[in-house]
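Here's the structure, in structure tokens; my notes come after.
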Amino acid sequence: MTEKITFPQDFLWGTATSSYQIEGAWDEDGKGESIWDRFSHTPGRISDQSTGDVTCDHYHRWQQDLDLMQDLGLQAYRFSIAWPRILPDGRGRVNQAGLDFYDRLVDGLLARGVTPFVTLYHWDLPQALQDEGGWPVRNAAEAFVGYADVVSARLGDRVKHWITHNEPWVAAFLGYGMGIHAPGIQDFQQAVAASHHLLLSHGWAVPVIRGNSEGANVGITLDLTDVAPASPSPQDYAAAREMDGFLNRWFLDPIFGRRYPADVIEWFGRVHNARMDFIQDGDMEVIAAPLDFLGVNYYTRTVARGASSDNLPPTVSTDDSEFTEMGWEVAPRSLFRLLNRLHFDYQPRNIYITENGAAFPDKVCKEGHVHDDRRLAYIKAHLKAAHDAIECGAPLRGYFVWSFMDNFEWSFGYTKRFGIVYVDFETQQRIVKESGKWYSKVIAQNGFED
Ligand code: FCB
């Protein structure tokens, strides 16, 4: 029996991208170098030896991309601003040509009836600031506020949805701790300091954005997960709590005014010898600035196993679990659990799913279509879970598919396709995948038949 799933009337349907992943034009019109330019230009960093120098060439093709968004009926578009296009040296001198680009983009979106959601930082730090030490140094947070001021002063009359940071966990711990993202540093102490300065810069920027953009909705986007113990053993439960602390609570707790979780500080100290000496008086109050919404990026759940649990019951990732090309388990029920948990534990005023989607190997068939059934099924299952959470009271106001189009997937280069629009990187041709056609219908009907 089919069931009609209908979303609340003002539910917002969108897609998301980020500057480095789609723009290209890496050194045009006065843009400065970013840490991702430097990183991808360093041999051995990107699995297919590629760079974001050209990627989707969106910097030149933005009008045609926006037309496609309008054809699909998208109501909102989340994109990020490349800091080094605006301030090539990280602070000080403003590059008008960079601001002009985003000004035209915003006008182009509004003219097509698409609401812009602007992310200020999606990982492309000006290299000049990294040369001073980057996010582990407090100065970077101060520079971010100057940047947020310049951008919100220029766009704030038309942009009313602002996201300060995208996934500070990834920026801090993959960039400075594990070294698999730019700037490629492996130093846990630097990573923890970076996480603090990212949060501090967020807290400082919130009132600045509000001051420049009347009626602005300001939020932050976190990559969050639902952590399950691999078995009911005490060791696995303890491991799950540690992972939840590291991945979720380390950012949620301070943002919602609870300061850093004591068990995680203890764990950082015990396991990584990390010190918290970068926290200054008043920082925690700044970080707890009240927000209009929480942005949630959700892709997969996490199954935690304690070190000594070898003989315990099998893991909860059963053999029949499905995994995406990233090796991420498809776990829509965990999105339901996560949204409810956020609602009950933290009570954000509003939640947007600012990213959700999947990489699968896509092929263009003879007739020129891309039959991405697995991506369509992934999005559908997650939308169902999101809908269930709304029925349970979660204040979920909108959903953004990652991604509008295939793009440069960080250290995986062009080997992972997340788009609902296929990109032929040789010709720059765009082809709407079947998932994109389906999503367009979902938007038109504000729901779908299940
Ligand atoms: C998220 C990032 C986004 C994209 C997706 C797959 O962590 O925010 O840029 O890479 O993962």
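For ligands, and for the atoms within them, numbers begin at 1 and follow the listed sequence.
Separation of the Trp123 and His165 ring centroids does not fall under the 6.0 Å cut-off. A ring-centre distance under 6.0 Å is found for Trp267 and Phe246.
By the 30° and 60° cut-offs, the orientation of the rings of Tyr346 relative to Phe256 is tilted.
Residues in residues 172-196 take part in no salt bridge (Lys or Arg N to Asp or Glu O under 4.0 Å) pair, two or more places apart or across chains.
Side-chain contact annotation: Asn297 with Asn166, donor-acceptor N/O pair under 3.5 Å present. Side-chain contact, Trp250 with Ser195: a donor N or O sits under 3.5 Å from an acceptor N or O.
If you look at ligand 1, the protein residues with a non-hydrogen atom under 4.0 Å away are Gln21, His122, Trp123, Asn166, Glu167, Asn297, Tyr299, Glu355, Trp402, Glu409, Trp410, Phe418.
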